[in-house]
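Scope of the values below: all heavy atoms of this structure, side chains included, with no hydrogens, waters or symmetry mates. If you read the sequence from its start, that first residue is 1, and numbering goes on from there.
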Amino acid sequence: IVTMKKGHPCGTNLWEIVRLGADIKIKCINCGRIVMLPRMEFNKKIKKSLNVLNNVIGNYDGKCEIGDELPKEFASVVDSFRNLMIKLKNVEDEKIKIYEDKQKVIANLSHDLKTPLTVIQGYSKAFMDDIVPEDKKKQYLEVIYKKSLVATDAIDSLFLYAHLNHPEYSLTLENVDIVSFSKNYLALKYNEIESNKMKLDIDIKVDKLCINMDVKDFRRIYENLINNSIKYNKSGTKIYFKMWVKKDLYISIGDNGIGI
């Protein structure tokens, strides 16, 4: 279907191309009248329209204004092109944001690793130079040990981050009762918490709820949060585990210690 600039006496300017040969045969959509057009004249008109379309697309600057010289048949093409450019721009903006977020995470993890290593290096050098007072040696060793735990956590986080961002990484989803899973995990963890002279306060207000989750990665989340509470807090600290549903599932893990 093509549109002619000059309307037909029957009241329409829509024509159907019914034959291509030495000449072009077109038929009026409304009244059925057949008209012959010289191929050269037809090609000239088509080429002129395409040149206008190419100029609109080639000079796209985010606005893509359509002038009167562009045939109506190509308006939908320009609209589709405009929508495609908007989608590509959104994708590009999202890629930039993801890249910046990744760089920020790596920078933070690098800082978390560098700080304890600097302390370990300084205290170790003091021991090597034999300048640590006898009554301070135990204190220095405790600092070195605690900072090594911080460094280990930072390295684990860096490896985990690299693992999660690997192109071939994918979740292994299973349909699991999150309530039963959490209770079993806490039961196994209870002795470790108790041996560190800490308390565990459990408040689960859900009887049963099956969700799709990666069991291994979810257990790693629990381990990371609760192990941090054990490592960095004093005896007598209370670790809280809460679970409830309010439209969505909520899980809260915390403690009343010094914070991290």
Taking side chain as C-beta onward, heavy atoms only, is [X] less than 4.5 Å from [Y]?
{"X": "Glu94", "Y": "Asn90", "value": "no"}
{"X": "Ser182", "Y": "Tyr185", "value": "no"}
{"X": "Ile178", "Y": "Leu249", "value": "yes"}
{"X": "Met243", "Y": "Leu209", "value": "no"}
{"X": "Lys147", "Y": "Tyr123", "value": "no"}
{"X": "Asn196", "Y": "Ser235", "value": "no"}

Identify the two heavy atoms, one from [X] and one from [Y], that lie closest to each other, and give their separation to 0.1 Å.
{"X": "Ala151", "Y": "Leu117", "result": "CB-CD2, 4.2 Å"}
{"X": "Leu186", "Y": "Ile226", "result": "CD2-CD1, 4.0 Å"}
{"X": "Gly257", "Y": "Asn233", "result": "CA-OD1, 3.2 Å"}
{"X": "Met198", "Y": "Ser229", "result": "CE-O, 3.6 Å"}

Are [X] and [Y] grouped together when hydrophobic residues (ILVMFWY) are joined by side-chain heavy atoms under 4.5 angstrom apart?
{"X": "Met213", "Y": "Tyr250", "answer": "no"}
{"X": "Val245", "Y": "Ile253", "answer": "yes"}
{"X": "Leu188", "Y": "Ile193", "answer": "no"}
{"X": "Trp244", "Y": "Tyr240", "answer": "no"}
{"X": "Met128", "Y": "Val143", "answer": "no"}

Quick check against the 3.5 Å criterion: does [X] have a side-chain atom that pairs as donor or acceptor with the backbone of [Y]?
{"X": "Asn224", "Y": "Arg220", "answer": "no"}
{"X": "Asn256", "Y": "Lys238", "answer": "yes"}
{"X": "Ser195", "Y": "Glu192", "answer": "yes"}
{"X": "Asp214", "Y": "Thr172", "answer": "yes"}

Q: In sequence, state the C-alpha distance, the side-chain angles, and the governing distance for Ser180 and Lys208, and then conclude on side chain to side chain contact (heavy atoms under 4.5 Å, CB included).
A: CA-CA 7 Å; Ser180 177; Lys208 183 177 180 179; over 6 Å; no

In Å and rounded to the nearest 0.5 Å, what is the [atom1] to [atom2] distance from [X] to [Y]?
{"X": "Asp177", "Y": "Cys210", "atom1": "CG", "atom2": "SG", "answer": "5.0 Å"}
{"X": "Leu200", "Y": "Asp255", "atom1": "CG", "atom2": "CG", "answer": "11.5 Å"}
{"X": "Thr237", "Y": "Lys197", "atom1": "OG1", "atom2": "NZ", "answer": "12.5 Å"}
{"X": "Gln139", "Y": "Lys136", "atom1": "CD", "atom2": "NZ", "answer": "4.5 Å"}
{"X": "Asn175", "Y": "Asn212", "atom1": "CG", "atom2": "CG", "answer": "5.0 Å"}
{"X": "Lys205", "Y": "Asp203", "atom1": "NZ", "atom2": "CG", "answer": "4.5 Å"}

Q: Evaluate the side chain to side chain contact (heavy atoms under 4.5 Å, CB included) criterion for residues Ile251 and Phe241: first the C-alpha distance (whole Å), next the side-chain angles of each, then the deciding distance (0.1 Å), finally the verdict.
A: CA-CA 7 Å; Ile251 299 175; Phe241 184 97; 4.0 Å; yes

**Q.** Partner residues of Tyr190 under the ring pair (Phe, Tyr, Trp, His ring centres under 6.0 Å) criterion, sequence neighbours left out
**A.**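 By the ring pair (Phe, Tyr, Trp, His ring centres under 6.0 Å) rule, Tyr190 matches no residue at all.
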
Q | Pairs satisfying salt bridge (charged side-chain N to carboxylate O under 4.0 Å, His left out), at least one member in residues 116-129, at least two apart | A |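 Of all non-adjacent pairs touching residues 116-129, those that pass salt bridge (charged side-chain N to carboxylate O under 4.0 Å, His left out) are Lys125-Asp129.
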
**Q.** From CA spacing to verdict: side chain to side chain contact (heavy atoms under 4.5 Å, CB included), Lys183, Ile204
**A.** CA-CA 9 Å; Lys183 287 181 177 179; Ile204 298 178; 3.8 Å; yes

Q | Proximity of Tyr222 and Phe218 rings by center, below 6.0 Å | A |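 Yes, the ring centres sit under 6.0 Å apart.
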
Q. Do Lys189 and Glu223 meet the salt-bridge criterion of a basic N to acidic O distance under 4.0 Å?
A.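 Looking at Glu223 and Lys189, the cut-off is met.
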
Q: Run the salt-bridge test on Lys89 and Asp93 with the 4.0 Å N-O cut-off and return the result as yes or no.
A: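 Yes, this pair counts.
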
Q.
Set out, in order, the CA-CA distance, both residues' side-chain angles and the distance that settles side chain to side chain contact (heavy atoms under 4.5 Å, CB included) for Ile155 and Leu113, then state yes or no.
A. CA-CA 7 Å; Ile155 292 172; Leu113 181 59; 3.6 Å; yes

